[in-house]
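Step one of this worksheet: look at the structure below.
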Amino acid sequence: MSKELAKAYEPREVEDRIYDFWLSGGYFHAEVDENKRPYSIVIPPPNITGQLHMGHALDETLQDIIIRFRRMQGYSTLWLPGTDHASIATEAKIVEAMRGEGLTKEEIGREKFLERAWEWKKKYGGRIIEQLKKLGSSCDWERERFTLDEGCSKAVREVFVRLYEKGLIYRGERIINWCPHCRTSISDAEVEFSEHDGHFWHLRYPLADGSGYVQLATTRPETLLGDTAVAVHPEDERYKDIIGKKVILPLVGREIPVVADTYVEQDFGTGVVKITPAHDPNDFEVGLRHDLPVINVMDENAVINENGGKYQGMDRYEARKAIVKDLEEGGFLVKVEPIKHNVGSCYRCSTTVEPRISKQWFVKMKPLAEPAIQVVRDGKVKFVPDRFDKIYYNWMENIRDWCISRQLWWGHRIPAWYCADCGETIVSREAPGACPKCGGIHLHQDEDTLDTWFSSALWPFSTLSWPDETPELKYFYPTDTLVTGYDIIFFWVARMIFSGVEHMHEVPFHTVFIHGLVRDAQGRKMSKSLGNGIDPLEVIDKYGADALRFALATGNSPGNDMRFTDEKLESSRNFANKIWNAARFIHMNIDGHDVKNELPAELTLEDRWIVSAFNTVAKEITENLEKFELGIAVQKLYDFLWDQFCDWYIELAKTRLQAGDETSTGARQVLVWVMTNTLKLLHPFMPFITEEIWQTLPHTGESIMVSEYPKYEESHCYPQDEEEMRRIMEAIRSIRNRRSEMNVPPSRKARVYIATAFAETFRKGSAFISRLAYASEVEIGESFDLPGAVTVVTADAKIYIPMDELVDKKAEIARLSKERETAAKQLAQAEGKLNNPGFMGKAPANVVEGVRAQAAKLSEKIALIDSSIQALQ
RNA sequence: GGACAUUUAGCUCAGCUGGUAGAGCAUGCGCUUGACGUGCGCAGGGUCACAGGUUCGAGUCCUGUAAUGUCCACCA
């Protein structure tokens, strides 16, 4: 880079080249290094079917910021990448693609289907990985994993067998959530509830002894086919004498009992409930308590089966219509009410879920949940922000057994075999040759696969080669931080915690850094159906990856959603350009000189000021990053670089640089030193531009990404100089302000007289006042007699600018009077405090001192203003 | 039904453990200032949702209210 280069930063010319440079340098690769402390993050593995969206971009950006920061701090950092096979989502896509060819998965069979799936993985699995690289993600690509690879599969089988042997995995007929479209069971977490308009059908069931009817209501009349009881509350006086009697199920004619169960609410509806154990989770429980028969009336397509009599073959909604019609004709329908009620649907395809009895595999959750709750209570796992603790506890404490079997082919096949000869179930890490019970060889493996989340739950250790005890596993586990959105706390985070505690006897990570959703400019969720999604790749192409990352980090507050706007992107792009131009300026001034990247022995006032300011910002940003306050860190970097360094220090330095004498050497060194160190602070956020510039400036080391993150240095604190610069800067600002008010262009220079008690300070600053406050000459003294000059009063000085012809005396007096008024108001406030015995007695000394100093300055200022007004009059 | 979050300048949001309200964008005025107009300088604009309370002092802590949003539960 040199001064001939483009005026504006061109990310497209830089990013791919820099990324290749990092890859070839091997900087992303992590090794076990006993001389360093480990720091590890496992990526939330994106689906192989996925395309990079803003949610990923945010998640990856946050992780990369953290991992780059820790790497520069000297940790041996591992960011372990990979992808998820996403059984249900991927299988759905493949099935859909096959439909285009007129094929179903049953037609081609399991083996051929899986061949297609692996081809799919080969074709698309790498796509999202390439997209992650565009963001600048510093993952250790040599350790990339896939949830269905050999190692992860081994871990899955190991866990399954262990849990089975411990009695924590069992198979049984239970009521589960069934998706008739995906034709598989899904877990409770995979059901989404939303409010629908429905109907409430009030029905009469005749008593078998002919003594009358019971009246009840239902939202799902078709389930009547599977009713095996009606229930009332045991203490309900209205129904005391029918408990134990029978009713005749309308249309079906079956006699079913009236049972008493406290599950029934007396004041809801009529206080009578129909019980369908096969198609309602609560009814299932009632059925268990009263030993009721379970009649499943629907098949896997939610079509009425052979138990449905004349309704067999109808789908559940057709059957509903037919049954309502028949009920009405039979005189069983009393009335129909409209009702709003919540209906569960499949989180993948949105089809209404059908609760259905089915034989499935389950994980017994209570014994796993308890220790998983404890590790959070003990602070071994911390949520950031910590309010997510509650959500986690609430879920874990009320958790039900986890249905883990899926009627899908793409996934980890359940390692259970059934003996055709004796019926034995064999759960084993490897396919058994013969039945251990009867010696039979007619074994058949369970057809089902495991919930995708079963394998993701093991991700923090399965990716580190567990169950093998490798040095990597020992060194990098537990991982340090997990970065993810609040939307998958239940699906993933909670399950990783209990899995880690159970199998590793150690939490999977110490911190869970939760972020929110990226919303569009109107605050709406980005979604395919709304078409309001913003493609991160297009953004990168237009603005650059650094601008995208910076925009995503700006205003980021843990756990909160954020809006993504073009303004934010433009502002970030402009910031990158600002950095670029600061670098260009430095080059214009150092090229051709031999400039060392170190602070000179002799520092000037402004040097000490910027060094001190840098020192403060380095300290604060490190603290912010350690506390995951990335948005705050971004803000401080932006302010420091733009406002302090560019708008002030560079402008101040020009005085020496343009003098061209030996004093300019010091300025060059300070410019280079502050700039390169600021680039380091900024590098985790904007990796590309910082590397590109850092390489062209004097530096030691191969890459900024493996340089040392700046640390707070006691020796770089110059509070005295900061105070002096503050005085000078205030004077400059005040003069500019006055000139601007009077519309004096910068080209119109004027003499400036400064009457001050800090003559020494202002003497040091007089060149700056000339340059930045457009003074032709600066005179400093104790007082001046310049009636009629424009007067500017700061806390430390009274400044005269003789521009008589520009002064409107009346306006000037009015302005000064107004200024006096506000000063007097502030003074009164301060004095109020000082006269308040409560304040004086209880406020800390430094606060009291501050107020006292302020009061003194104010009364001085008022005196100065008064004398100015007098002079004008 | 329960829980949580948000409410601060026209817009988007900062404001950590309480000490006289900030930024970006937008607006207005001025500027060919030898890095940058994707820029520079200056300005205007806020009873910090509302009502109480704690405190010498509250945007910040406590209680309640309202609006908005999210999650959990699922009474058929």
Output for pair (I650(A) CD1, Q644(A) CD), nearest 0.5 Å, gives 12.5 Å
Atom CZ of R748(A) and atom CG of N743(A): how far apart are they, to the nearest 0.5 Å?
13.0 Å
For U17(B), the nucleotide meeting Watson-Crick or G-U wobble distances (both under 3.5 Å) is none
According to the Watson-Crick and G-U wobble definitions, with both distances under 3.5 Å, which nucleotide is paired to C71(B)?
G2(B)
In terms of side-chain heavy atoms of R573(A), which of G24(B), G41(B), U38(B) is nearest?
U38(B)
Mate of C40(B) across any strand shown (Watson-Crick or G-U wobble, both atom pairs under 3.5 Å) is G30(B)
Nearest-angstrom distance, P atom, U47(B) to A3(B):
34 Å
When rounded to the nearest Å, what value does the distance between C1' atoms of G59(B) and U6(B) take?
14 Å
What's the closest nucleotide to the side chain of N577(A) if the choices are U70(B), U6(B), C36(B)?
C36(B)
Mind listing the closest non-hydrogen atom pair of V752(A) and I735(A) along with its distance?
CG1-CD1, 4.1 Å
Any heavy-atom pair between the side chains of L216(A) and H202(A) that's under 4.5 Å?
no
What's the closest nucleotide to the side chain of F200(A) if the choices are C13(B), G24(B), A76(B)?
A76(B)
In Watson-Crick or G-U wobble terms, with both distances under 3.5 Å, the base opposite G10(B) is C25(B)
Map A582(A) and R387(A) onto RNA chain B by nearest heavy atom, then report which one ends up closer to the 5' terminus.
R387(A)
